[in-house]
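Note sheet for the following structure.
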Protein chains: 2
Amino acid sequence: MKQKSITIYDIAKEAGVSSATVSRVIARNYPVSAKTRKKVLDLIDKYDYQPNAVARSLTKKETKMIGFVLPDITNPFFSQVFIEAEKYALTKGYTLILCNSMNTSEMESKYLKILSERQVEGIILMGGRINKKLPDAVEVSEVSQVLDKLPVMMINGKIDGLHCHSVRTDEAKGMELAVNHLVRQGHKKIGLIGGVNGITTTDIKVEAYRNLLLKYDLTFRDSWQIYSGFDVQTGEEAIDKLLMLNKDKLPTALIGINDLVIMGALKACRRKRIKPFDFVGFDNTDLAKNSSPEITSVSHPYSQLGEKAIDLLINASKSSNESKDILLDPYLEVRESCSITKL
Amino acid sequence: MKQKSITIYDIAKEAGVSSATVSRVIARNYPVSAKTRKKVLDLIDKYDYQPNAVARSLTKKETKMIGFVLPDITNPFFSQVFIEAEKYALTKGYTLILCNSMNTSEMESKYLKILSERQVEGIILMGGRINKKLPDAVEVSEVSQVLDKLPVMMINGKIDGLHCHSVRTDEAKGMELAVNHLVRQGHKKIGLIGGVNGITTTDIKVEAYRNLLLKYDLTFRDSWQIYSGFDVQTGEEAIDKLLMLNKDKLPTALIGINDLVIMGALKACRRKRIKPFDFVGFDNTDLAKNSSPEITSVSHPYSQLGEKAIDLLINASKSSNESKDILLDPYLEVRESCSITKL
DNA sequence: CTGTTAGCGCCTTCAA
DNA sequence: TTGAAGGCGCTAACAG
């Protein structure tokens, strides 16, 4: 705001009409005679007039802004969801406000407050507090308080008892895709690495993994399922642990809680100069495509995830008072990592 | 805005004071008696009152929002800068609005307009139109028009003739770090792959590269400097081309315009089963750390880049009318990719 | 220390 | 088809 910006009144005065008329020309929601319309439009053009969205928001009580809180946008999983949501939101006239909580509960809380004060029309939550098996009471009540004012949308997460929509990838089905694929490749000894016990996205996968091994009557060993974390380093650690625990009774294929963990596993195998396992990752991030070997990965339906999230949020007020939970199908992106042992 | 939210007036009425007093309690910028302060604060607490930032913005003519337009947040280079800027902005009370142009000029234009209407207090530009040797007249005039209303900050880019600040990494110096390092490793035949002729970030690097070879009296061959692009696939293509053009007279080390290109080069070497070169990448993204082998890379000073950008923008109005151009030093993150040939 | 008042820029009845 | 007027929620003089 370097210089006094011109307003609807300036246009009105010079056009010899009222501000209401100018407003109508801009909003195109009421009839205005062709003549005055042209006069007004010409002036708008002449002065390069732009409506003040802040003032409009105050009057209309709608900001056309949506908050998006996630742990860390440098994580490709989150950025892929975010960018799809943003693209779609734009077509609906909404602007997203991205908030990186940096994986801290404090930042999450802070941003919830900021977004609420900024009068966003809804908030999308990913990661963090919505992924805990044992929710923190304070964290839940904060979200609950926000819910009194705005609709909240949770992506790949949920807080029980709170009245809000959610969209999630059916990760149990994703695990099935992974296991099926490996079985079809002839594997009978399949391990699972990464993740943290008590984080729901991990729990869902682990449970599905166990059930599937049972279902397919495959060897199951506790020591083939290694919790470790979500990043590359923990992937390396998982391999170290796997080797330590299993000596000669190793699995032939490994599923990773995400692609990063598989990247770590690849690094560890290389470091230890052991023949790599066949791998299947989760999330189908750019990493999976860009690493060498390329990593076969269970993919989220990213664009659907983003679009559904926005759609449900936008329509949250209109629709009935029930909260919807949408489950979307993942798919498998097959790449070379599943035939490493043959390379 | 599900329910009629309570305002400063509601608080004022129940406290038996005027709205101005409540405002003062909140803003803490004018003396208020301890007694009334407490009364007001208690009510704020009781009703979970939150100030309406939109209304405040309208009155104060400051939104505390900054727009950040970049090509694609899924690119780790951009996301690392963004997240640093966001962290810093938060400490200064500013909220960033991230806008992904998806590498299209149209989206860039659209977002410039949206941000301006939303009354952001400044705009940060990265990539896209600010990186062209031959600027597009329309693109420039759009930015120029924005500049009439707000300060604009360009990161690692510049449009000549426009009055705005810029922050950039000294990439010529970065190239020097890379070449020095390789020379110290004993390399005399150094190639450069990736980038696009006419994109300033590429041009700067290429020019520095050529000058340095000259300076160090190293072999220079046109066919060792391959333009290709900025992603993994173009990195692969660069290797193909390099092999095709050079038969037996190959360089022993390659510098990549960025880390992605090196990832591609690694893939190509693996595919072709040729002994890899020693590599040095640019940008020091997570990829460099996570890939195997890990990639030695010239790093931007990310936090400085983000912080300076925000700082200069915030102080843009206060400071003199000159535009500042800040040049920051890169550093080299040494990893194993520089001893591949010895592995 | 506190209240009154007048906007910020726009939209939306209500009347004409 | 148009204008007048009030108000969105808050802040900043100006009085007191």
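Just so it is clear, the structure is predicted and the values come from calculations on it, not from any experiment. Lettering follows sequence order; numbering is per chain, from 1.
When each of D:dT11, C:dT12, D:dT2 is scored by its nearest atom to the side-chain atoms of A:Val32, the top-ranked nucleotide is D:dT2. Side-chain proximity of A:Ser18 to the nucleotides D:dT11, C:dT12, D:dG3 is greatest for D:dG3. Distances from the side chain of B:Lys60 to the nucleotides D:dT11, D:dC10, D:dG9 place D:dT11 closest. Closest to the side chain of A:Ala55, out of D:dC10, C:dG9, C:dC11, is C:dG9.
Taking atom CD1 of B:Ile26 as the reference point, atom C1' of D:dG9 lies 11 Å away to the nearest angstrom. Distance CD (A:Glu62) to P (D:dG9): 14 Å, rounded to an integer number of Å. When the P atom of C:dC8 is taken as reference, atom CG of B:Asn52 falls 18 Å away, rounded to whole Å. Taking atom CG on B:Leu58 and atom C1' on C:dG9, their separation rounds to 6 Å, with Å as the unit. Rounded to whole Å, atom C1' of D:dG3 lies 17 Å from atom NZ of A:Lys13. In this structure, the CZ atom of B:Arg24 is 13 Å from the P atom of D:dC14, given to the nearest Å. Counting to the nearest Å, the P atom of C:dC8 and the CZ atom of A:Arg56 are 18 Å from each other. In this structure, the CD atom of A:Gln50 is 15 Å from the C1' atom of C:dC10, given to the nearest Å.
Both A:Tyr30 and A:Ile8 lie close to DNA chain C; mapped to their nearest nucleotides by heavy-atom distance, the more 5′-ward contact belongs to A:Ile8. Of the two residues near DNA chain D, B:Pro51 and A:Ser19, the one whose nearest nucleotide lies more 5' is A:Ser19. Of the residues near DNA chain C, A:Thr7 and B:Ala20, the one whose nearest nucleotide (by heavy atom distance) lies more toward the 5' end is B:Ala20.
Considering only heavy atoms from C-beta on, B:Ile124 stays 4.5 Å or farther from B:Val69 through its side chain. In this structure, the side chains of A:Met107 and B:Leu90 come closer than 4.5 Å at one or more pairs of heavy atoms.
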>> Could you walk me through whether B:Glu121 and B:Lys64 satisfy the salt bridge (charged side-chain N to carboxylate O under 4.0 Å, His left out) test, starting with their C-alpha distance in whole Å, then the side-chain angles of each, then the deciding distance to 0.1 Å, before giving a yes or no?
In response: CA-CA 7 Å; B:Glu121 295 179 33; B:Lys64 293 284 182 184; 5.5 Å; no
> Which is it for B:Glu307 and B:Lys87 under the salt bridge (charged side-chain N to carboxylate O under 4.0 Å, His left out) test, yes or no, and what are the steps along the way?
Replying inline: CA-CA 9 Å; B:Glu307 292 177 15; B:Lys87 270 193 282 188; over 6 Å; no
> Passes salt bridge (charged side-chain N to carboxylate O under 4.0 Å, His left out), A:Lys46 versus A:Glu14? Steps please.
Replying inline: CA-CA 11 Å; A:Lys46 172 177 170 190; A:Glu14 186 158 342; 3.1 Å; yes
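Between the base of D:dC10 and the side chain of B:Tyr9 there is a donor-acceptor pair shorter than 3.5 Å. The base of C:dT2 is not paired with the side chain of B:Arg37 by any donor and acceptor separated by under 3.5 Å. Judged by distance alone with a 3.5 Å cut-off, a donor-acceptor contact links the side chain of B:Thr59 to the base of D:dG9.
Between B:Leu70 atom CG and B:Cys99 atom SG the span is 8.0 Å, to the nearest 0.5 Å. Taking CZ from A:Phe68 and CD1 from A:Ile310, the interatomic distance works out to 7.5 Å, rounded to the nearest 0.5 Å. Rounding to the nearest 0.5 Å gives a distance of 14.5 Å between CD of B:Glu84 and NZ of B:Lys308.
When the side-chain nitrogen and oxygen atoms of A:Lys61 are compared with OP1 and OP2 of D:dG9, one or more of them lie within a distance under 4.0 Å. Under 4.0 angstrom from either OP1 or OP2 of D:dC10 there lies no side-chain N or O belonging to B:Ser23. Put simply, A:Asn29 has no side-chain N or O that comes within less than 4.0 Å of OP1 or OP2 on C:dC11. An OP1 or OP2 oxygen of C:dT2 is reached within less than 4.0 angstrom by a side-chain nitrogen or oxygen of B:Ser33.
Using a 4.0 Å heavy-atom cutoff across all strands shown, B:Val54 reaches no nucleic acid atom at all. A:Asp10 comes within 4.0 angstrom of no nucleic acid atom, judged by non-hydrogen atoms across all strands. Residue contacts for A:Val22: at a heavy-atom cut-off of 4.0 Å it reaches no nucleic acid atom on any strand shown.
Between the side chains of B:Asp10 and B:Tyr49, no donor-acceptor pair is found at a separation under 3.5 Å.
Not one N or O on the side chain of B:Thr36 forms a donor-acceptor pair closer than 3.5 Å with the backbone of B:Val32.
Of all the residues in residues 110-118 of chain B, not one reaches under 4.0 Å from DNA chain C with any non-hydrogen atom.
For the helix from C:dC1-D:dG16 to C:dA16-D:dT1, the terminal axes (five pairs an end, C1' atoms, rotation from four pairs onto the next four) enclose an angle of 40°, given to 10 degrees.
Using a cutoff of 4.0 Å between basic side-chain nitrogens and carboxylate oxygens, B:Asp325 and B:Lys158 are scored as salt-bridged.
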